[in-house]
Amino acid sequence: MKVIRNIVELRAELKQYRVTSNGDGRVGLVPTMGYLHEGHASLMSRAHDLSNLVVLSIFVNPIQFGPGEDYETYPRNEEQDLALAERQGVDIVFIPQVEEMYPTQTMTKIKVSEVTQLLCGASRPGHFDGVTTVVSKLINIVQPDQVYFGLKDAQQVAVLQQMVYDLNMNVEIVPCPIVREEDGLALSSRNVYLSSEERKQALVLSRSLFEVKGTMDQEESVRASEIREKLISLINLSPLADIDYVEVLTFPALSRINDDVLLNHITGKLIIAVAVKFGKTRLIDNLLISPKEAVSLV
Ligand code: AMP
């Protein structure tokens, strides 16, 4: 496994790979902010399935954090990250410093509209501009065939798919399923911030999501507002939970669903998404469902 910290060297290494593989080798990129866990590892395994050379990037991207967010305190542990990457058979780890990615003040930003309006886009103004800008830069640097992202950040997947489509980027976005702890909590680098009591109560996210999914499986005619209200009351049973948003939207368009529409009449996918703060830690989780399938399982 090669550890590369600058762009020129990374490009030279990839150029060499493309020459030796006669242009046949598919390059897969797994962008992360480090403090790696099994969720990240699952993206690397998926990358091995579809790509021949796996490039992992580790970069805590300052421009996707808002004022007062946790950029400074975001957990970092390079040694552990490299050990996990090695275990996952990653070929190249790209770990740039901030000055390497942003040597001068950024004057160009990529901004995706519409799909960035609700959910985390509404709670974290400017966040997705930072994400789309850094991912475009990484795509330009690595020129991968595939880029792997987790559905833990489902809105991020929707935004990046739109960006790649709109800008004719010659790359496939590969969405990967959410990896959870045995008790249901979605893995996240930010889970280390939780106190033991917050960690216990944080289970309310996955539990309530699965409970409303059960309701949708059993009841033929539910509306988005009913699911939303049920989720809010379930989450509020945990005294430490401070709800940021609870939404039921179409996916990947991320549009609101009118209350005269019964969810089982929707043909496409839906996302049930939540963001909840426990103390200073903001956690997100979601379920993607196809209502028609859900009903036909009954
Ligand atoms: P991050 O380091 O938090 O920016 O995440 C890097 C990538 O890993 C993103 O595509 C995330 O969606 C993905 N990821 C993070 N947590 C999980 C998880 N629990 N399951 C699947 N993918 C995840």
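Worth saying up front: this structure is predicted, and the values here are computed from it rather than measured. Whatever order the structure lists ligands and atoms in, that order sets their numbers, starting from 1.
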| query | Using heavy atoms and a threshold below 4.0 Å, how should the contact between Met33 and ligand 1 be classified: side chain, backbone, both, or neither? | reply | both
| query | Among all protein non-hydrogen atoms, which one is nearest to atom 12 (O) of ligand 1, and what is the separation to 0.1 Å? | reply | Asp153 OD2, 2.6 Å
| query | Counting heavy atoms not belonging to Arg207, are there more than 12 under 6.0 Å from its CZ? | reply | no
| Is there any N or O on Gly150 that sits under 3.5 Å from an N or O of ligand 1? | yes
| For ligand 1, is there an N or O atom under 3.5 Å from any N or O atom of His40? | yes
| Gln80 side chain to Leu36 main-chain N or O, any donor-acceptor pair under 3.5 Å? | no
| task | Report, in ascending order of atom number, the atoms of ligand 1 lying under 4.0 Å from any heavy atom of Ile178. | result | 20 (N), 21 (C)
| task | Taking Asn77 for its side chain and Tyr35 for its backbone only, find out whether a donor-acceptor pair lies under 3.5 Å. | result | no
| query | Does Pro177 approach ligand 1 within less than 4.0 angstrom via side chain, backbone, both or neither, non-hydrogen atoms only? | reply | backbone
| query | Roughly how far, to the nearest 0.5 Å, is CD1 of Ile257 from CG of Leu263? | reply | 5.5 Å
| query | So is there a nitrogen or oxygen of Phe149 less than 3.5 Å from a nitrogen or oxygen in ligand 1? | reply | no
| message | Geometry only, no angles: is Cys176 polar-contacting ligand 1 at N/O separations under 3.5 Å? | response | no
| Donor-acceptor pair, Asp91 side chain versus Val54 backbone, under 3.5 Å? | yes
| request: To the nearest 0.5 Å, tell me how far Leu29 CG sits from Gln143 CD. | output: 11.5 Å
| N/O to N/O below 3.5 Å, does that happen between Val179 and ligand 1? | yes
| query | So does Lys230 pair up with Glu219, basic N to acidic O under 4.0 Å? | reply | no
| note | So the atoms of ligand 1 within less than 4.0 Å of a heavy atom of Pro31 turn out to be 6 (C), 7 (C)
| field | ligand 1 contact on Leu36 by region, counting heavy-atom pairs under 4.0 Å | value | neither
| field | Check ion pair Arg87-Glu38 (N to O, under 4.0 angstrom) | value | yes
| said: Please determine whether a side-chain nitrogen of the Lys or Arg among Lys280 and Asp70 lies less than 4.0 Å from a carboxylate oxygen of the Asp or Glu. | reply: no
| Any Arg190 heavy atom less than 4.0 Å to ligand 1 | no
| said: Under 4.0 Å from a heavy atom of Leu43: which atoms of ligand 1 are those, numbered in the order shown and with their elements? | reply: 7 (C), 8 (O), 10 (O), 13 (C)
| note | Heavy-atom proximity to atom 17 (C) of ligand 1, picking from Gln64, Arg180, Lys152, points to Lys152
| note | Closest to atom 3 (O) of ligand 1 among protein heavy atoms sits Tyr74 OH, 3.8 Å
| Pairing of Asp183 and Arg199 as salt bridge, 4.0 angstrom limit | yes
| What heavy-atom pair brings Asn286 and Leu209 nearest, and what distance separates the two atoms? | N-CD1, 3.7 Å
| note | For Gln156, the ligand 1 atoms with a heavy-atom partner under 4.0 Å come out as 9 (C), 10 (O)
| Leu187 heavy atoms, cut-off 4.0 Å: which ligand 1 atoms fall inside? | 16 (N), 17 (C), 18 (C), 19 (N)
| Checking His48 side chain against Gln88 main chain: does a donor-acceptor pair fall under 3.5 Å? | yes
| query | Counting from 1, what ligand 1 atoms have a heavy atom of His37 closer than 4.0 Å? | reply | 15 (C), 16 (N), 17 (C)
| field | Glu38 near ligand 1 by a heavy-atom separation under 4.0 Å | value | no
